[in-house]
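Scope of the values below: all heavy atoms of this structure, side chains included, with no hydrogens, waters or symmetry mates. We count ligands from 1, going down the list as the structure has it; atoms in each ligand are counted the same way. In this text the structure is predicted, and so the values were computed from the model without any measurement.
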Amino acid sequence: MSMRPEICPPPWIIPPRRRDVVTVTPWLAPVVWDGTFDPVLLDGLYRPRNISVAVTVFAVGKYIRFLEAFLQTAEQHFFVGFNVHVYIFTDQPNEVPRVHMAPGRQVTVRSVPSSRRWQEISARRMELIQTLIEELRNHMDYIFCLDVDSQFHGRWGTESLGGLVGVIHPGYYRDRRTKFPYERRPESRAYLAPEDGDFYYCGGAFGGQLQEVHLMAKTCRRDFEADARGGIEAAWQEESHLNRYMWIHKPTKVLSPEYLWQDFKSREPEIRLVRFSGVTKNYAEIRPNT
Ligand code: UDP
C-alpha cells in the first residue's frame with residue numbers, strides 16, 4: 001500500500017473561498033477581499049495586544065466639508081472597538097466638526113497653511129506624515145493615511161494590518177500594467193518602465209507599521225523634492241512616487257479595491273462589499289485650481 005502525501009488542508013482550516021480574484025501575490029503577501037479572512041478570529045488575536053491605530057486625514061480649503069461624514073462613518077466601521085487616534089491637518093481648525101467618539105478613540109487637529117495649488121496640498125502630505133510619525137514613535141502601532149473626500153460603508157479592521165499596506169486602485173485593477181498611469185518619464189524619480197509594476201496602488205489610502213510608513217513617506221518626499229529641483233512634477237504627484245516605492249519595496253499586505261472604491265463607478269461582480277469609497281465631487285468647484 002502506497003503512502004499518499006497529505007495534500008488536503010486539515011478540515012478546521014478553511015482555505016480562501018475566492019476563486020474569482022487574486023488572493024496572494026507572487027511575493028506571498030495576502031490580497032484582502034471579502035471572504036478571504038475571519039474577522040472574529042482576527043479581532044480576537046489583536047485585542048489582547050491593545051493595539052493603537054493612527055489615521056491621518058487632510059482637509060484644506062473646501063475639502064473641510066467632507067470631514068464630518070468621514071469621521072462619522074469611521075466611528076461606525078473603522079477599527080470598531082480598538083484604539084484609534086485621528087490626526088486632522090487643516091487650514092481651518094475652528095471649522096472642524098465635533099463628532100462623538102467612542103472610548104479609546106480621539107481626534108487631534110493640526111494647523112497647516114492654505115495653498116493655491118491642489119498638487120501642493122497633495123504633495124505636502126508625505127512631509128507631514130513623516131514628521132508626525134517621528135513624533136508618534138512608541139505611542140502608536142499602526143498608521144493609515146486616508147483621503148478625506150471618502151466615507152466608510154463597511155468594516156475596515158484588523159484584516160488590513162501589516163508592515164507596509166497598499167490598496168489596489170479601483171480605476172485600474174482590471175487593466176494590463178502598460179495602461180497603469182505610472183510616471184513614464186525617466187527624468188523623474190517616480191519613473192517606472194512599461195515592463196515594471198505589480199498593481200497600480202492608491203495615493204488615497206495606504207498604511208502599515210509606523211517605521212515602514214515612515215520610510216516610505218521619507219523616500220517619497222525626498223524624491224518628490226529632488227524632482228521639483230529638477231523642474232519635474234510626477235504625473236500623479238505623491239501617488240506616482242508611492243507606486244515607484246511599492247514596486248521596489250513590496251507591500252506585505254495588499255488591500256483589494258473594496259478598501260477604496262469610487263462612488264461614481266458601477267459595482268463589478270467581484271466587489272461584494274464596498275468598505276471605503278471616494279465621494280463624487282465637482283473638481284472645478286472644490287479645488288483651488290483645476
Ligand atoms: N486635499 C485637500 N484640499 C484640496 C485638495 C486636496 O485637503 O484642495 C486633500 C484631501 O485630503 C483629499 C486629498 O488631498 O482627499 C487628495 O486630493 P483629491 O481628492 O483632490 O485627489 P483625487 O484623489 O481626487 O485625485
Between F152 and F276, what is the ring plane arrangement, given parallel below 30°, perpendicular above 60°, and tilted in between?
tilted
How are the rings of F144 and F78 set to each other: parallel, tilted or perpendicular (split at 30° and 60°)?
perpendicular
of all protein heavy atoms, closest to atom 3 (N) of ligand 1 is V60 O, 2.8 Å
Does R176, at its CZ atom, have more than 12 non-hydrogen atoms belonging to other residues, nucleotides or ligands within less than 6.0 Å?
no
Quick check on F89 - does any of its heavy atoms sit under 4.0 Å from an atom of ligand 1?
no
Atom indices of ligand 1 within 4.0 angstrom of D149 heavy atoms, with elements:
12 (C), 15 (O), 19 (O)
Report yes or no: does A59 have a heavy atom closer than 4.0 Å to ligand 1?
yes
Does K62 have a heavy atom less than 4.0 Å from any atom of ligand 1?
no
Side chain, backbone, both or neither: which part of F66 has a heavy atom under 4.0 Å from ligand 1?
neither
Please determine whether any non-hydrogen atom of K281 lies less than 4.0 Å from an atom of ligand 1.
yes
Atoms in ligand 1 flagged as close to V148, the criterion being non-hydrogen separation under 4.0 Å:
10 (C), 11 (O), 15 (O)
Can you tell me if Y201 and E239 form a side-chain donor-acceptor pair at under 3.5 Å?
no
Measure the distance from atom 1 (N) of ligand 1 to every protein heavy atom, then report the residue, atom name and distance (to 0.1 Å) of the closest one.
I121 CG2, 3.7 Å
Given that the side chain starts at C-beta and the backbone is N, CA, C, O, which of these parts of S150 lies under 4.0 Å from ligand 1, counting heavy atoms, or is it both or neither?
neither
Students should be able to answer this: which protein heavy-atom is nearest to atom 21 (O) of ligand 1, and at what distance?
R287 NH2, 3.5 Å
Starting from atom 23 (O) of ligand 1, find the nearest protein heavy-atom neighbour and note its residue, name and distance.
D147 OD2, 3.4 Å
Tell me whether E270 is salt-bridged to R272, with the criterion being a basic N under 4.0 Å from an acidic carboxylate O.
no
Closest candidate by heavy atom, reference atom 20 (O) of ligand 1, pool Y63, Y283, W236:
Y63
Should the pair R47 and F82 be classed as cation-pi, given the thresholds of under 6.0 Å to the six-membered ring centre and 45° from the axis?
yes
Going by side chain to side chain donor-acceptor pair (under 3.5 Å), name the residues that satisfy it together with D223, two or more places apart in sequence or in a different chain.
none
Return the residue, atom name and 0.1 Å-rounded distance of the protein heavy atom closest to atom 11 (O) of ligand 1.
F58 O, 2.5 Å
Just distance, no hydrogens or angles: give the donor-acceptor pairs under 3.5 Å from side chains in residues 189-198, sequence neighbours left out.
{"from": "D196", "atom 1": "OD2", "to": "A193", "atom 2": "N", "distance (Å)": "3.3"}
{"from": "D198", "atom 1": "OD2", "to": "K250", "atom 2": "NZ", "distance (Å)": "2.8"}

Atom CD of E95 and atom CD1 of I88: how far apart are they, to the nearest 0.5 Å?
12.5 Å
